[in-house]
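One structure is given here, and the rest of the page talks about it.
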There are 4 protein chains.
Amino acid sequence: MVLYITYMEILIRAGDELPIYRQVMNQITEALAVGRIHPGDKLPSHRNLAEQLVIAPLTVKKAYDELESLGFLETQRGRGTFVCLKLPRLKMAEQRDQIAAAARKLLSLAYMVGLDFRDAVAILKKVENEMLQGAPSAVRGTADKEDQ
Amino acid sequence: MVLYITYMEILIRAGDELPIYRQVMNQITEALAVGRIHPGDKLPSHRNLAEQLVIAPLTVKKAYDELESLGFLETQRGRGTFVCLKLPRLKMAEQRDQIAAAARKLLSLAYMVGLDFRDAVAILKKVENEMLQGAPSAVRGTADKEDQ
Amino acid sequence: MVLYITYMEILIRAGDELPIYRQVMNQITEALAVGRIHPGDKLPSHRNLAEQLVIAPLTVKKAYDELESLGFLETQRGRGTFVCLKLPRLKMAEQRDQIAAAARKLLSLAYMVGLDFRDAVAILKKVENEMLQGAPSAVRGTADKEDQ
Amino acid sequence: MVLYITYMEILIRAGDELPIYRQVMNQITEALAVGRIHPGDKLPSHRNLAEQLVIAPLTVKKAYDELESLGFLETQRGRGTFVCLKLPRLKMAEQRDQIAAAARKLLSLAYMVGLDFRDAVAILKKVENEMLQGAPSAVRGTADKEDQ
DNA sequence: GTGGTCTAGACCACC
DNA sequence: GTGGTCTAGACCACG
């Protein structure tokens, strides 16, 4: 079922060390990974999303552009921005590195506060549940069929 | 047992999105979390470590400075840089946030390449083993600690 | 009223025992204490201030960085450096210690040149007047603050 | 009355930003300013004082040397270190600058925690009382008269 | 134009 | 030899 996404569950932290456009990118790819949005879905326009997030339109535009150049999004002039039907695959090496880095980070944070491996897994489980909840507001897709 | 750390297992990836001084910081705090270095240990001088890593001394210095202002390291003029005897504790709220963020990152990366929860845990286990291996070269501490 | 500070009343004494970046830090916190600058104000860029003071940009940057890690300033990439809306509070013990140390210093210097307590208070009064005078050049803030 | 000072009320803070030898210098000149030690008094040997303070003898030596070159102390080979009978006077300009700087520091610290001028004066008064109390252990001088 | 990072030196102060 | 400071550039990323 293809959706018109009208509201994205994105949280911007202004003072964060991660630039705003990266926060937007990350949360869009996370939503994708978790299945809150799907291939073919239509994202809000960059101006619209910028308004929702109370940030500069150019910043959202940059996030969309980056995601487009990475192969996650596809912009159709005059129609809007869509999630690509065929999502890109990272190279195996990059995948491994990134996942391993995230794992190291999680473990060292956990160890530093006295948790052990089992605790870390428990947290992971809890976070998984959170991620699966909460879906974006959407209306049924009425777009032409040629872009599906 | 307090050690003079003479060699740090630190890997710099030049093109990484993380700045070099942050890579150094992260790997020092990881070494701490995992127990490869301990409170009271003496780290190599920033010049020395810079030489080992083939980067500019100021870059290592910046990493040490940040870690000092975070309460992990302590520098003594003319004597060297040491791991604080009393390590800082994050507030509970910050702890939870940071750990949860790391967990989200790990899961979304895993999902994005088609892995499931069990796979993620398996990776976590593998990474744990890697982190526990490899200890820095060191000599037994012979310093008098009474003037610290 | 939030201001764009364009000129800071900062005097650098090159040969001073206090390093330049500390002189900058001190005079910024003094300006804050005395009300010459306020929470939310935008400071000149570190390059700009460095030009005004005829010192290296990195030196001002270091002062800003330290003040940021102390919680006085906040930097936003591409936007500038601002006085924090919520200024940090020292712990009572630290406060007392620092103030007492400053008082000791003042008195011992005064005594050493033959002044007495009343003289010291008179000097204190005179210095207070100096500190309250002189405000930085500034223009009215026109920035939208909603994205901070 | 000339004294043999056998114990100095000196507190060393190892991690302080002020180098140790400066802490020693400052506290000796403060003791002088406040009248806890007097011209002609014999200070403990640098080794002895170093032992009391649990710091390196060379560090105390450096403090004594500096104070000697400033005209506060006088070392007599084989006899010991004495407070000069004729204490040096700083140049007027230096005096004014240093005292004013101390006053600025005191006021800005006080302002920053919400105190006003009267509070600052009250603190000053309290500190004065503390400084006048506490005298160094000493025995009556039995030294030859030629150095008095 | 802003901050963020980095380099490759230099000189000094400390212990 | 250690850390502390400073310079005078450079290039990049952000908004």
Side-chain angles (χ1 to χ4, degrees), chain A residues 14 16-23 50 55-63 66, chain B residues 12 14-24 42-51 53-66 68 73-82 143-144 147, chain C residues 12 14-24 42-51 53-66 68 73-82 143-144 147, chain D residues 14 16-23 50 55-63 66:
Chain A
D16 202 277
E17 66 172 330
L18 219 57
I20 295 173
Y21 85 99
R22 294 283 301 225
Q23 296 181 41
I55 59 180
L58 256 183
T59 303
V60 178
K61 181 77 164 48
K62 178 156 188 178
E66 289 284 315
Chain B
I12 299 301
D16 201 279
E17 71 170 327
L18 225 51
I20 295 175
Y21 83 97
R22 298 278 285 174
Q23 296 181 40
V24 174
K42 181 179 186 294
L43 296 189
S45 80
H46 71 266
R47 289 171 220 268
N48 183 318
L49 183 53
E51 212 172 320
L53 306 180
V54 196
I55 59 181
L58 252 192
T59 303
V60 178
K61 178 103 175 23
K62 177 156 189 179
Y64 279 14
D65 281 350
E66 293 279 314
E68 181 171 10
L73 300 184
E74 181 185 347
T75 65
Q76 297 180 21
R77 231 170 337 205
R79 308 231 310 107
T81 301
F82 302 82
D144 38 341
D147 59 289
Chain C
I12 298 300
D16 202 280
E17 70 169 329
L18 226 52
I20 296 175
Y21 83 97
R22 298 277 284 172
Q23 297 180 40
V24 174
K42 180 180 187 295
L43 296 188
S45 79
H46 72 266
R47 289 170 220 269
N48 183 319
L49 183 53
E51 214 172 320
L53 305 181
V54 197
I55 57 181
L58 250 191
T59 303
V60 177
K61 177 103 176 24
K62 178 156 187 179
Y64 280 13
D65 282 350
E66 292 279 313
E68 181 171 11
L73 300 183
E74 181 184 346
T75 66
Q76 296 180 22
R77 231 169 336 207
R79 308 230 311 108
T81 300
F82 302 83
D144 40 340
D147 59 342
Chain D
D16 203 276
E17 67 171 330
L18 219 55
I20 296 174
Y21 85 99
R22 294 284 300 221
Q23 297 182 39
I55 60 180
L58 256 184
T59 304
V60 178
K61 182 73 166 51
K62 177 156 188 178
E66 289 283 314

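Computation of the quantities below employed the complete heavy-atom set of this structure, encompassing side-chain atoms and omitting hydrogens, waters and symmetry-equivalent molecules. What you see is a predicted model, and the numbers here were worked out from it, not measured in a lab. Naming: A, B, ... by sequence-line order, numbering from 1 per chain.
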Reckon I20(C) touches a base, only the sugar-phosphate, or nothing at all at heavy-atom distances under 4.0 Å?
-> sugar-phosphate
Contact class for Y64(B) (heavy atom, under 4.0 Å): base, sugar-phosphate, or nothing?
-> nothing
State which of [options] makes the closest approach to the side chain of [X].
X      : options                 : result
L58(C) : dC6(E), dC6(F), dG4(F)  : dC6(E)
T59(B) : dT5(F), dC6(E), dC14(E) : dC6(E)
I55(B) : dT7(E), dC14(F), dC6(F) : dT7(E)
R22(A) : dG4(F), dC6(F), dC14(F) : dC14(F)

Pairs under 3.5 Å (Watson-Crick or G-U), crossing ones as [ ], inter-strand ones as |: DNA chain F comes out as ||||||||||||||.
Does R47(C) use its side chain to pair, donor to acceptor, with the backbone of K61(C) at less than 3.5 Å?
-> no
Whole angstrom value for the distance that separates [atom2] of [N] from [atom1] of [X]:
X      : N       : atom1 : atom2 : result
E17(B) : dC12(F) : CD    : P     : 17 Å
E51(C) : dA8(F)  : CD    : C1'   : 14 Å
L53(C) : dT7(F)  : CG    : P     : 11 Å
I12(C) : dT5(F)  : CD1   : P     : 14 Å
D16(C) : dG4(F)  : CG    : P     : 19 Å
R77(B) : dC14(E) : CZ    : P     : 6 Å

Establish whether the base of dG3(E) is bridged to the side chain of R79(C) by a donor-acceptor pair shorter than 3.5 Å.
-> no
Is the base of dG3(E) touched by the side chain of R47(C) through a donor-acceptor pair closer than 3.5 angstrom?
-> yes
For Y21(A) and for P57(C), find the nucleotide of DNA chain F with the closest heavy atom, then tell me which residue's nucleotide is more 5'.
-> P57(C)
When the nearest nucleotide of DNA chain F is assigned to P19(A) and to T75(B) on a heavy-atom basis, which residue is associated with the more 5' position?
-> T75(B)
Using only side-chain N and O atoms of K61(B), determine if any of them is under 4.0 Å from OP1 or OP2 of dG4(F).
-> yes
For dT5(E), does either OP1 or OP2 sit under 4.0 Å from a side-chain N or O belonging to K62(B)?
-> yes
Which sits closer to the 5' end of DNA chain E, S45(C) or L18(B), going by the nucleotide each is nearest to?
-> S45(C)
5' priority, DNA chain E, between A56(B) and G78(B) [closest heavy atom] = A56(B)
